[in-house]
*Asks:* 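Structure provided below as structure tokens; questions to follow.
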Amino acid sequence: MPGSSNALPAADLARTVVFAAFIAVLGIFPGFYLGGAAVPVVLQNMGPLLAGSILGARRGGASVLLFLALVALGLPLLSGGRGGIAPFFGPSGGFLIGWVFSAVVVGLIVRRATPRPGLLVLLLANLAGVVVDYLVGIPYWAAFTGDLGAAAIQSLVFLPGDAVKLVLVSLVAVAVHRAVPASLTGPTRVARS
Amino acid sequence: MTPLGLYLPGTSPLHRVPAGWKFLALLSLAVLVLVVGSPLWLGVVTGMVVLGYFVAGIAPRHCWGIARLLVPMLGLVFAVQWWLLGLDSAAVVCLRLLAALAAANLFTLTTRVEDLVAAVERGLRPTRRFGVRPERVGLLVGLTLQAVAALSTMASQTREAQRARSADRSVSAFAIPFLVRTLRHADELGEALAARGVGDD
């Protein structure tokens, strides 16, 4: 690859692109009614965790970044048809930016498990992913409020939902790894280690 | 590719400012709003942003759409902030958010996606020496939008299949088959791209 240190091979490029689209479709698609809840549960924030769990750090992070770039360019791909640069300026903007780090951290942890990650590793990785998202999101919110404690308390609202989602993501990822064994390494590459 | 976008066509001065400069102006406004701490001046900035909506000739219908998203969120933030930090701080935080979010929405409403892509490609040009390929941005946007269309169809089909198996409430009965099909679609796209020589240059 002359002159381009980070050009992705076609298969990696395709996975990055298609997973960015996957995160978008999670937002377009109507939510699920979990356990008789009155309000449909938004699935989109499972996307970055799934990206990290299934594609690994590099392609997972890249696909989240690509998805957020499309949103920022003015495409209404966030759940509820939101889009544009405004969601990044709002109180939850840091949580969106945190998605990228979330996917990378999940991918880095999952990658260590060979030959393929089990449920325990995935639960641990996704827990770390959620924590990283909060670590970016809460200080960002605090920049508006000027008070870190208040921002942390307001973020507690998301905690129960995120706990359920990280378990769901881990269960789904275990099954997907079983069905498509080479997803972390990609079809064109031989597994390292 | 605009039918998906939030852009509203128009000929106002705000529509005609080059996208890159408009974005820099938006960023400066966001910084200004974070630095300014007086409710009076924040009110003035907010007033100027609202004036921008008139200059851009945004129809009341669209303004209402944005207000409907902003007002409940601001109301909630105001209530919690008042409870935790007092009335003054609540007013400042809400005015900050209102000014920044209204300006950011105005930016998106008056800027075409294509123009923004072109501006990003131009803005990234200096990074070429680090191996970034700015001219790829447009290709990536187009490919992703095509994939969104393909995956939406796949998602509805998977949902149908799930209903047929009367596993309607299970997230995993939807997510697992949908993800497997998504990965398969990615492999096909990868082969198609490789056949066209994308990625090995």
Side-chain angles (χ1 to χ4, degrees), chain A residues 1 3-15 17-22 24-25 28-29 32-34 43 46 50 54 66-67 69-70 73-77 80 82-91 143-147 149-150 153-154 168 171-172 175-176 179-180 183 187-188, chain B residues 4-7 23 26 30 34 69 73 77 80-81 84-85 89 93 96-97 100-101 104-105 107-109 111 113 116-117 120 130-133 140-141 143-145 147-148 150-152 155 159 169 171-172 174-176 179-180 182-187 189-191 193-194 198-201:
Chain A
M1 284 173 256
S4 55
S5 53
N6 70 343
L8 292 167
D12 285 351
L13 184 73
R15 289 210 156 165
V17 161
V18 169
F19 230 85
F22 173 80
V25 172
I28 295 169
F29 221 62
F32 277 76
Y33 294 85
L34 284 180
L43 298 177
M46 291 166 73
L50 280 169
I54 292 173
L66 177 60
F67 167 75
L70 287 180
L73 286 173
L75 298 165
L77 299 177
R82 290 170 307 132
I85 199 84
F88 297 91
F89 281 43
F144 282 96
T145 63
D147 188 298
I153 292 173
Q154 289 178 58
L168 269 175
L171 289 171
V172 167
V176 172
V180 189
S183 75
T188 54
Chain B
L4 247 175
L6 297 165
Y7 170 76
F23 184 66
L26 176 66
L34 279 180
L69 280 175
M73 193 268 283
V77 167
V80 176
Q81 211 63 29
L84 289 173
L85 298 173
S89 143
V93 168
R96 268 181 189 156
L97 282 177
L101 292 178
N105 274 309
F107 173 82
T108 300
L109 288 175
T111 313
V113 176
L116 215 43
V117 169
V120 170
F130 306 114
V132 177
R133 311 267 305 278
L140 280 177
V141 172
L143 279 177
T144 313
L145 288 182
V148 169
L151 291 193
S152 308
R159 198 71 192 266
R169 277 172 176 268
V171 174
S172 49
F174 168 73
I176 296 165
L179 267 168
V180 171
T182 298
L183 288 171
R184 226 176 267 152
H185 180 74
D187 288 348
L189 180 64
E191 277 159 27
L193 288 177
V198 177
D200 54 13
D201 46 358

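Protein chains get the first letters and strands the later ones, always in sequence-line order, with residue 1 at the start of each.
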*Asks:* Under 4.5 Å heavy-atom distance to chain B, tell me which part of A:Phe67 shows up: side chain, backbone, both or neither.
*Replies:*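 Neither the backbone nor the side chain of A:Phe67 comes within 4.5 Å of chain B.
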*Asks:* Counting only heavy atoms closer than 4.5 Å, note whether B:Leu143 contacts chain A via side chain, backbone, both or neither.
*Replies:*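 When you check distances to chain A, atoms from both the backbone and side chain of B:Leu143 fall under 4.5 Å.
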*Asks:* For B:Leu109 and B:Tyr7, which heavy atoms make the closest approach, and how far apart are they?
*Replies:*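 That would be O-CD1, 3.6 Å.
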*Asks:* Of all the heavy-atom pairs spanning B:Gly190 and A:Ala10, show the shortest one and how long it is.
*Replies:*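 The answer is O-CB, 3.6 Å.
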*Asks:* Closest heavy-atom contact between A:Phe22 and A:Leu50?
*Replies:*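 For A:Phe22 and A:Leu50, the tightest heavy-atom pair comes out as CE2-CD1, 3.9 Å.
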*Asks:* Is A:Leu66 in contact with chain B via its backbone, its side chain, both, or neither, using a 4.5 Å heavy-atom distance?
*Replies:*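 Side chain only.
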*Asks:* For A:Ala179, is it the side chain, the backbone, both or neither that has a heavy atom under 4.5 Å from a heavy atom of chain B?
*Replies:*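 Side chain only.
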*Asks:* Where does B:Leu69 contact chain A at under 4.5 Å (heavy atoms): side chain, backbone, both or neither?
*Replies:*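 Answer is side chain: those atoms of B:Leu69 sit under 4.5 Å from chain A.
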*Asks:* Please flag which part of A:Val172 lies under 4.5 Å from any non-hydrogen atom of chain B: side chain, backbone, both or neither.
*Replies:*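 For A:Val172, the contact with chain B is made by backbone and side chain together.
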*Asks:* With a 4.5 angstrom heavy-atom cut-off, is it the side chain or the backbone of A:Leu73 that approaches chain B, or both, or neither?
*Replies:*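 Both backbone and side chain of A:Leu73 come within 4.5 Å of chain B.
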*Asks:* Which residues satisfy the ring pair (Phe, Tyr, Trp, His ring centres under 6.0 Å) test with A:Phe89, sequence neighbours excluded?
*Replies:*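 For A:Phe89 there are no ring pair (Phe, Tyr, Trp, His ring centres under 6.0 Å) partners, ignoring immediate neighbours.
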*Asks:* Looking at A:Val25 and B:Ala155, what are the two nearest heavy atoms and their distance?
*Replies:*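 That would be CG1-CB, 3.9 Å.
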*Asks:* Quick check for you: among A:Ala24, A:Ala20, A:Gly90, A:Gly149, which has the greatest number of heavy-atom pairs under 4.5 Å with chain B?
*Replies:*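 Highest number of pairs under 4.5 Å: A:Gly90.
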*Asks:* When only pairs under 4.5 Å are counted, which of B:Val77, B:Leu183, B:Leu34 shares the most heavy-atom pairs with chain A?
*Replies:*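 Most heavy-atom pairs within the cutoff with chain A belong to B:Leu183.
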*Asks:* Could you tell me whether a side-chain N or O of B:Thr144 sits under 3.5 Å from a main-chain N or O of A:Ala21, the two making a donor and an acceptor?
*Replies:*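 No, B:Thr144 side chain to A:Ala21 backbone: no donor-acceptor pair under 3.5 Å.
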*Asks:* To the nearest 0.5 Å, what is the distance between CG on A:Leu171 and CD1 on B:Ile176?
*Replies:*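 CD1 of B:Ile176 is found 8.0 Å from CG of A:Leu171.
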*Asks:* Using heavy-atom distances under 4.5 Å, tell me whether B:Leu84 contacts chain A through its side chain, its backbone, both, or neither.
*Replies:*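 For B:Leu84, side-chain heavy atoms alone lie under 4.5 Å from chain A.
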*Asks:* Find the one option among B:Asn105, B:Val120, B:Leu97 whose heavy-atom pairs under 4.5 Å with chain A are most numerous.
*Replies:*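 Highest number of pairs under 4.5 Å: B:Leu97.
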*Asks:* Can you list everything that forms a side chain to side chain donor-acceptor pair (under 3.5 Å) with B:Thr182? Sequence neighbours excluded, please.
*Replies:*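 Partners of B:Thr182 under the side chain to side chain donor-acceptor pair (under 3.5 Å) test: none.
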